[in-house]
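In what follows, chains carry the letters A, B, and so on, assigned in the order in which the sequence lines appear, proteins first and then strands, with residues in each chain numbered from 1.
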Protein chains: 2
Amino acid sequence: MNINEIAKLAGVSRATVSRYLNNGYVSDEKKERIQEVIDRTGYKPSTQAQTLRTKKTRLIGVILPKINSDSISRMVAGISVVLKEAGYQLLLANTENREKEELEYLRLFSENHVDGIILIATIITREHKRALKALQVPVVLLGQRLDGYSCVYQDDCLAARDVSRLLLRGAGKIGCIGVTQQDEAVGAGRRKGFLEAAGDAGIAEDAVSFLETGFSVEDGYRAMDQLLALCPGADAVFCATDSIALGALARLQEAGRQIPEEVALAGVGDTVSGRIVSPKLTSVHFYYKTSGKEAARLLLELLDGNEARKQIKMGYRVEERGTTRQR
Amino acid sequence: MNINEIAKLAGVSRATVSRYLNNGYVSDEKKERIQEVIDRTGYKPSTQAQTLRTKKTRLIGVILPKINSDSISRMVAGISVVLKEAGYQLLLANTENREKEELEYLRLFSENHVDGIILIATIITREHKRALKALQVPVVLLGQRLDGYSCVYQDDCLAARDVSRLLLRGAGKIGCIGVTQQDEAVGAGRRKGFLEAAGDAGIAEDAVSFLETGFSVEDGYRAMDQLLALCPGADAVFCATDSIALGALARLQEAGRQIPEEVALAGVGDTVSGRIVSPKLTSVHFYYKTSGKEAARLLLELLDGNEARKQIKMGYRVEERGTTRQR
């Protein structure tokens, strides 16, 4: 059964059936005849063909750097609440932090399949900017700020500064385990905030032992292993993420260090795991779920034809727990 | 620029251009003329229209119950390796453990968008069976066994039995924190294995304190809170997942219990977090990444037209660590 046969059985033109299926104008009498044929024959228009005609899929693509992450799953949960309420379904694309795949999914989603995109961004290269510019559907960036685009991002710098102030109480030799500074938010932003706090505490940048690592717990473990060799007397270590801090904590405890008496430690992101280790991890809470909701709302505005591109910087809350010293 | 205009400029029929674009037979001379027009005009066939014609999207849909999970991200990583090598891209659908959404995504993926589906399954209801039967694309189930379908699943029962044998050394009063038995694998299977070990240790089923909870660390924390009230003298607690065990561990440590001397604890799944808590969690390792690869290979076989539906039960490895007693 296809649209031509429906038209024939209903005694109307093919164009009328097409208009009917796409909610265009059709007289009440013809509407009734077409619906009667559809009911009788059990005809079901192919979604793909419909998509081609109406250009609406009611799908939103969300591109994310990894799936096994507290912060990202909270963002996705927030995105999901708002978009599902608005009648959209989500398709997730996991890039495993590979730039090439990010670009491929941007193209895939843009060419077809979705009405809009939320990009949970990490590193934004020139290639990314080119791909974003070429998009044929609205896009919102989550987690990074980029001129000319709707964005929702965290106040990484001040959050890192404030938690570092707790960390650096009574500290002499300090370390910093960060991620690539190509990542403006987690890499450059949090390092900058940490250095501000160090400066306020009278510690010069060249007195700090810096290490750069990846985003996993294992990366944090290995980086702390190196730091112990590089700077065995470190008594306070800032970690750019909770995952890194949790790996670092495991390595320090293995080495028999007392936390926080001998070494204080702080992370960023307030993950669930940070609340179940002992001692509990001092960190900064970001409103990731709310950020996801905000990003989804910005996307809905763009889909509504509202061209004003907002940029939203979210607040944070320092969580003082057991891995930092009281004074 | 559309296909009709290309045909006109190349002096061939519309059908010839269509055949050319879909790799059908076209004489070399006409091929050259069409390609010349395409090059000159910069014509790019719409992927959606192409999809409609060739019915191939080179996309695979993966339906998963949650994204913030060690086990699931390992499965997805395995799926990803194999399918990307075979030239497919993945679209993930996160159902947040909601049955209705699982069914909706099955329908969405089946109607269009993807060439095949991998369902990381939890609960399989009659509705699921109906939806699976109605699928118009091949499907592989990962994590559950279902007659008549290609599946890859874990040996939940024996894995739970073997880790419980370590757990129950020297135990008198025992507890079990599980999940809904509608989940054949994690709920029913692991409970059965635990009970076998309890039986072998001479402990009757009605001497065990059972609690049912959800899949998160917080669920484990709350369940252990209840268990402490219900059975304050429990000296060994089996947890159906590592996440549950990690929440339980945090609650026990808060209550000042010595682990494993006063209370022994075991989980299932060998998550990263279980290796960073102190003491480290006794658990069972499942080959989740390999399972994902196997599922992807089964799907490729189905896509190749190989109708034989295999069912693969994976092995496991007990990880004895610090939360169980030596004897």
Spatial distance of atom CG (B/Leu90) from atom CD (A/Glu101) [nearest 0.5 Å]
8.5 Å
Non-hydrogen atoms of chain B under 4.5 Å away: do they reach the side chain of A/Ser71, the backbone, both or neither?
neither
Does any backbone or side-chain atom of B/Glu96 lie under 4.5 Å from a heavy atom of chain A? Answer side chain, backbone, both or neither.
side chain
So for B/Ser80, is it side chain, backbone, both, or neither that comes closer than 4.5 Å to the heavy atoms of chain A?
side chain
Are A/Asn68 and B/Val272 side-chain neighbours, meaning at least one heavy-atom pair lies under 4.5 Å?
no
Measure B/Leu59 against the heavy atoms of chain A and call it side chain, backbone, both or neither at under 4.5 Å.
side chain
In terms of heavy-atom proximity below 4.5 Å to chain A, should B/Lys66 be classed as side chain, backbone, both, or neither?
neither
Tell me, out of A/Val277, A/Asp70, A/Leu64, who's got the most heavy-atom pairs with chain B below 4.5 Å.
A/Asp70
Of the listed residues (A/Ile72, A/Val217, A/Leu108, A/Val76), which shares the most heavy-atom pairs with chain B below a 4.5 Å separation?
A/Leu108
Nearest-0.5 Å distance, CG of residue A/Leu249 to OG of residue B/Ser278
8.5 Å
Engaged part of B/Ser69 at the chain A interface, taking heavy atoms whose separation is under 4.5 Å
backbone
Do A/Asn94 and B/Ile67 have side chains that get closer than 4.5 Å, going by heavy atoms?
no
Other residues, nucleotides and ligands only: do more than 12 of their heavy atoms fall within 6.0 Å of CD on B/Glu261?
yes
Contact leader toward chain B among A/Gln253, A/Lys280, A/Lys84, where contacts are heavy-atom pairs under 4.5 Å
A/Lys84
Which region of B/Glu104, side chain (C-beta onward) or backbone (N, CA, C, O), has a non-hydrogen atom less than 4.5 Å from a non-hydrogen atom of chain A, or is it both or neither?
both
Taking every non-hydrogen atom, the tightest pair across B/Leu91 and A/Tyr105
CD2-CE2, 4.5 Å
Here the gap from A/Glu218 atom CD to B/Arg275 atom CZ, rounded to the nearest 0.5 Å, amounts to 6.5 Å
